[in-house]
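Below is one structure; the comments refer to it alone.
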Amino acid sequence: MTETILSVFSVYGAPALFAIVAAGQFGIPLPTSILLLTAGALQADGDLSFWQLFAWGLAGAVVGDHVGYLIGRFAASAIRDRIGRWPAAQKQLLKAEAFTRKWGDGSIFLSRWLFSPLGPYVNLTSGLSSHPVHRFSMADIAGEIVWIGGYLSLGAVFAQSIAELADIVANAAWMIGAGVITLILGWQLLVRLRRIKAKTE
């Protein structure tokens with residue numbers, strides 16, 4: 001998959017970066033971080049313009065995020081009807097919506113770059129919870145600036161060690177995602193144990 005994505009980028013350049021990043025931010029599992037690192041390394045060699053890549057990448061990320069948000073916002077009833085068939089999934093959706101309402105703009109901003117595996121889900125729950133679109137857009141753009149600019153810059157700085165850096169980034173993303181899931185499951189286990197203890201007393 002990674003080799004195919006990089007081949008497409010090498011042929012079509014910045015417009016391909018826009019399309020691939022948009023698809024990745026929408027929720028399609030693509031190696032977008034590795035692509036950004038590679039793009040940064042190529043521009044360091046003078047093949048491409050940093051600001052051109054930054055603009056195309058940022059535009060793609062924002063478009064992908066907003067498509068997810070709009071689906072959550074305007075297809076809420078259909079999503080709820082489908083999820084309503086599975087009580088466990090419905091319960092998780094309600095928790096995700098509560099999390100988005102509680103943390104608001106911060107959950108959007110951090111899920112763009114620090115907790116990027118959660119980004120597509122936060123887009124959806126932001127729309128489902130009717131988070132104001134102008135606030136979603138501002139937090140989204142701010143976070144994507146950090147993500148796009150950061151990865152392009154890392155690719156430029158470590159152009160000679162791009163393969164090793166890509167491995168580190170991929171492992172870090174999985175570790176962050178696993179850590180977040182572990183925290184959520186641990187918190188749920190603690191809540192259930194307290195409820196069981198309260199019932200037995």
Side-chain angles (χ1 to χ4, degrees), residues 1-74 104-124 126-127 131-170 172-173 176:
M1 172 66 78
T2 301
E3 291 181 1
T4 302
I5 292 298
L6 295 178
S7 296
V8 171
F9 171 68
S10 67
V11 173
Y12 297 102
L17 180 67
F18 169 90
I20 294 167
V21 170
Q25 297 307 91
F26 173 68
I28 299 173
L30 297 173
T32 50
S33 295
I34 294 174
L35 174 61
L36 289 170
L37 290 172
T38 303
L42 291 174
Q43 70 82 30
D45 293 333
D47 296 330
L48 297 163
S49 163
F50 176 90
W51 293 111
Q52 183 184 24
L53 290 172
F54 177 81
W56 281 94
L58 179 61
V62 171
V63 167
D65 291 332
H66 279 73
V67 170
Y69 171 88
L70 292 173
I71 288 174
R73 185 74 176 261
F74 295 107
D105 299 345
S107 67
I108 298 164
F109 175 73
L110 292 175
S111 64
R112 304 307 91 173
W113 58 281
L114 184 58
F115 304 112
S116 55
L118 299 177
Y121 303 102
V122 172
N123 296 338
L124 185 63
S126 295
H131 193 78
V133 65
H134 68 281
R135 288 174 54 187
F136 176 85
S137 297
M138 288 190 292
D140 177 50
I141 293 170
E144 295 297 9
I145 287 173
V146 174
W147 181 57
I148 300 292
Y151 276 85
L152 287 176
S153 298
L154 281 172
V157 172
F158 297 100
Q160 302 303 318
S161 306
I162 194 67
E164 292 82 354
L165 184 60
D167 288 338
I168 292 171
V169 169
I176 291 171

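For reference, positions follow the sequence shown, starting with 1.
A heavy-atom distance below 4.5 Å is found between the side chains of Asp105 and His131. No side-chain heavy atom of Phe26 sits under 4.5 Å from any side-chain heavy atom of Pro120.
For the atom pair CD1 (Ile141) and CG (Asp65), the distance works out to 9.5 Å, reported to the nearest 0.5 Å. In this structure, CG on Leu118 lies 9.5 Å from CZ on Arg112, to the nearest 0.5 angstrom.
Remark: Pro31 engages Met1, Thr2, Ile5, Ile34 in a side-chain contact (heavy atoms from CB on, under 4.5 Å) (not counting sequence neighbours). In terms of the side-chain contact (heavy atoms from CB on, under 4.5 Å) criterion, residue partners of Ala61 (sequence neighbours excluded) are, by chain and number, Val21, Gln25, Glu144, Trp147, Ile148. Shown here are the ring pair (Phe, Tyr, Trp, His ring centres under 6.0 Å) partners of Phe136, two or more places apart in sequence or in another chain: His66, Tyr69. Taking the side-chain contact (heavy atoms from CB on, under 4.5 Å) definition, one finds that Phe9 meets it with Leu17, Leu35, Ala39, Leu42, Leu48, Leu53, sequence neighbours left out. With sequence neighbours excluded, the residues satisfying side-chain contact (heavy atoms from CB on, under 4.5 Å) with Phe50 are Gln43, Phe54, Leu152, Ser153.
Of the listed residues (Leu6, Ile28, Leu30), just one forms a side chain to side chain contact (heavy atoms under 4.5 Å, CB included) with Ile20, and that residue is Leu30.
Between the side chains of Asn123 and Arg73, no donor-acceptor pair of N or O atoms lies under 3.5 Å.
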### Task
Could you give me the CA-CA distance, side-chain angles and deciding distance for Val146 and Phe109, then say whether side-chain contact (heavy atoms from CB on, under 4.5 Å) is met?
CA-CA 9 Å; Val146 174; Phe109 175 73; 4.2 Å; yes
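Here the closest non-hydrogen pair linking Ala14 and Trp56 is CB-CD1, 3.4 Å.
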